[in-house]
Amino acid sequence: MSAAIQLASDNVETGSGGPFGAVVVLDGQIIARGNNRVTVDNDPTAHAEIVAIRQASKVLGSFQLTNCDIYCSCEPCPMCLGAIYWARPARVFFAANRHDAAKAQFDDSFIYEQLNLDNDDRAIPMQQFMRDEAVTIFEQWLDSNRKIPY
């Protein structure tokens with residue numbers, strides 16, 4: 001956890017992004033490090049956890065972080081939480097929580113609230129169309145002998 005917190009602190013000191021850090025650990029060894037790079041890379045997905053997951057996946061040569069632990073300087077936001085579930089690590093540890101982040105003007109409560117709303121009620125309008133054509137692709141996937149399940 002100290003390494004994740006240090007990454008967050010270093011980011012603040014150098015102005016290299018937001019105050020967040022994350023590390024991925026396998027068998028007691030750090031295999032990947034990530035710091036928030038949203039403003040540096042102009043990439044809204046470049047959160048510390050995402051950066052660390054991408055790096056760990058390259059190191060492991062796998063899209064799943066089986067038997068890995070992720071240590072985060074702060075409770076993962078909804079986007080990072082989704083990525084973590086897709087990566088399937090063994091465990092996640094975090095230091096500060098979402099309420100601490102909100103006090104520092106990183107408030108994800110709006111996103112959590114939006115997730116519970118119907119598409120028509122969300123702040124960003126979302127409209128579904130061409131569903132039948134898209135569902136056909138899922139049928140192709142199910143019938144494919146080339147798919148790699150995940």
Tyr112, OH: over 12 other non-hydrogen atoms inside 6.0 angstrom: yes

Hydrophobic cluster identity match, Ile111 and Met79, side-chain contacts under 4.5 Å: no

Smallest separation among heavy atoms of Leu65 and Ala56, with atom names: CD2-CB, 3.8 Å

Separation between CG of Leu81 and CD of Glu49, rounded to the nearest 0.5 Å: 9.5 Å

Minimum-distance pair of heavy atoms, taken over all atoms of Pro89 and Cys68: CB-O, 3.4 Å

Heavy-atom closest pair, residues Val24 and Ala52: CG2-O, 3.8 Å

Beyond-backbone contact of Ile70 with Ile53, side-chain heavy atoms, under 4.5 angstrom: yes

Arg88 (side chain) donor-acceptor with Trp86 (main chain) under 3.5 angstrom: yes

Val92 and Asp69: CA distance, side-chain angles, deciding distance, side chain to side chain contact (heavy atoms under 4.5 Å, CB included) verdict: CA-CA 6 Å; Val92 175; Asp69 293 327; over 6 Å; no

Thr45 backbone acceptor or donor facing Asp43 side chain under 3.5 Å: yes

Parallel, tilted or perpendicular: rings of Phe93 and Tyr71 (30°, 60°): parallel

Steps toward salt bridge (Lys or Arg N to Asp or Glu O under 4.0 Å) verdict (Arg98, Asp108): CA-CA 7 Å; Arg98 68 177 90 168; Asp108 298 325; over 6 Å; no

Heavy atoms of other groups near Lys103 NZ, more than 12 under 6.0 Å: no

Of Cys72, Cys74, Pro76, the residue whose pairing with Phe20 passes side-chain contact (heavy atoms from CB on, under 4.5 Å): Cys74

Side chain proximity check, Ile31 to Leu60, heavy atoms < 4.5 angstrom: yes

Minimum side-chain heavy-atom gap Gln140-Ile137 below 4.5 Å: yes

Verdict with reasoning, Gln55 to Lys58, per side chain to side chain contact (heavy atoms under 4.5 Å, CB included): CA-CA 5 Å; Gln55 188 180 101; Lys58 287 180 183 175; 5.8 Å; no

Taking every non-hydrogen atom, the tightest pair across Ser73 and Pro19: OG-O, 4.0 Å

Atom CD of Gln29: over 12 foreign heavy atoms under 6.0 Å: no

Separation of Asp121 CG from Glu113 CD (nearest 0.5 Å): 13.0 Å

Heavy-atom pair with the smallest gap, counting every atom of Ile50 and Cys80: CG1-SG, 3.9 Å

More than 12 heavy atoms from other groups under 6.0 Å of CG on Asn97: yes

Which atom of Ala8 lies closest to which atom of Gly21, heavy atoms considered: CB-N, 3.6 Å

Distance-only donor-acceptor check, side chains Asn11 and Asn36, under 3.5 Å: no

Under 3.5 Å donor-acceptor, Thr136 side chain and Asp132 backbone: yes

Val25 vs Val23 side-chain heavy atoms within contact, under 4.5 Å: yes

Distance in Å, Arg91 CZ paired with Asn67 CG, rounded so as to fall on 0.5 Å steps: 10.0 Å

Same cluster (ILVMFWY, side-chain, under 4.5 Å), Phe106 and Leu7: no

Nearest-0.5 Å distance that lies between atom CZ in Phe110 and atom CG in Leu115: 10.0 Å

4.5 Å side-chain heavy-atom contact, Asn35 and Asp10: no

CZ/Arg33: more than 12 non-hydrogen atoms of other groups inside 6.0 Å: no

